[in-house]
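Below, each value reflects all heavy atoms present in this structure, side chains not excepted, and no hydrogens, waters or symmetry copies.
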Amino acid sequence: QVQLVESGGGSVQSGGSLRLSCAVSGYTTSSYCMGWFRQAPGKEREGVAGIGRDGRIRYADSVKGRFTISQDNAKSIVYLQMDSLESEDTAMYYCAADRCVLGLELGLVRSSTYAYWGQGTQVTVSS
């Protein structure tokens with residue numbers, strides 16, 4: 001059974017940093033694509049970053065240069081390092097996973113790519 005558990009959310013002032021973690025079980029992270037998504041109140045879910053089976057990475061334009069996705073396959077954890085946070089980054093953040101084809105890139109930040117989702121962790125950035 002695939003399970004994803006996010007942690008690391010919290011409240012931070014604008015310009016600050018947070019690191020989100022997604023602990024996975026039930027599969028090997030190296031065999032799945034992984035993604036981070038977020039959803040603010042009243043807005044649609046947005047793909048933030050994704051990492052493919054071959055290590056290919058995709059970021060949303062809104063977070064390029066500020067967020068970094070990485071994974072530790074030995075620990076089965078996927079991270080999202082968030083720096084230079086802005087009030088617009090306030091949202092519930094979710095990690096997602098699914099088997100995917102090698103070479104996938106644009107799909108890494110599309111919800112339709114993923115079948116498995118965590119419960120989310122709240123990030124609040126105050127200005």
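Under a cutoff of 6.0 Å and an axis angle of 45°, R45 and F37 do not form a cation-pi pair.
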*Check the pair V63, R38 against side chain to side chain contact (heavy atoms under 4.5 Å, CB included), reporting the backbone distance first and the verdict last.*
CA-CA 12 Å; V63 306; R38 66 186 180 187; 4.0 Å; yes
*What's the verdict on side chain to side chain contact (heavy atoms under 4.5 Å, CB included) for R58 and L106, showing C-alpha distance, side-chain angles and the deciding distance?*
CA-CA 7 Å; R58 183 82 178 184; L106 288 176; 2.9 Å; yes
*Go through the steps to decide whether C95 and V78 satisfy the test side chain to side chain contact (heavy atoms under 4.5 Å, CB included), and finish with yes or no.*
CA-CA 8 Å; C95 68; V78 178; over 6 Å; no
*asked:* Checking S87 against S14 for the side chain to side chain contact (heavy atoms under 4.5 Å, CB included) test, could you report, in this order, the C-alpha distance in whole Å, the side-chain angles of both residues, the deciding distance, and whether it holds?
replied: CA-CA 6 Å; S87 56; S14 181; 6.0 Å; no
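Y59 places no side-chain N or O within 3.5 Å of a backbone atom of G65 that could act as its donor or acceptor partner. Side-chain atoms of T113 come within 3.5 Å of backbone atoms of G107 as a donor-acceptor pair (strictly under, hydrogens ignored). Under a 3.5 Å cut-off, the side chain of R53 and the backbone N or O of C100 do form a donor-acceptor pair. Judged by distance alone, with hydrogens and angles left aside, the side-chain atoms of Y114 form a donor-acceptor pair with the main-chain N or O of L108 at under 3.5 Å. The closest donor-acceptor contact from the side chain of T90 to the backbone of V125 lies under 3.5 Å. A donor-acceptor contact shorter than 3.5 Å is absent between the side chain of Q119 and the backbone of E6. A donor-acceptor distance shorter than 3.5 angstrom exists from the side chain of R66 to the backbone of S84, with no hydrogens or angles considered.
With sequence neighbours left out, the side-chain contact (heavy atoms from CB on, under 4.5 Å) criterion links S126 to Q13. With sequence neighbours left out, the side-chain hydrogen bond (donor to acceptor under 3.5 Å, both in side chains) criterion links S17 to D83.
Residue S25 holds its OG atom at 7.5 Å from CD of Q1, rounded to the nearest 0.5 Å.
Side-chain contact between M82 and D89: absent, with no pair of heavy atoms (C-beta onward) separated by less than 4.5 Å. Under the 4.5 Å side-chain criterion, counting only non-hydrogen atoms from C-beta, V24 is not in contact with Y116.
Between C22 and the choices I77, V5, L4, T121, the side-chain contact (heavy atoms from CB on, under 4.5 Å) rule is met once, by L4.
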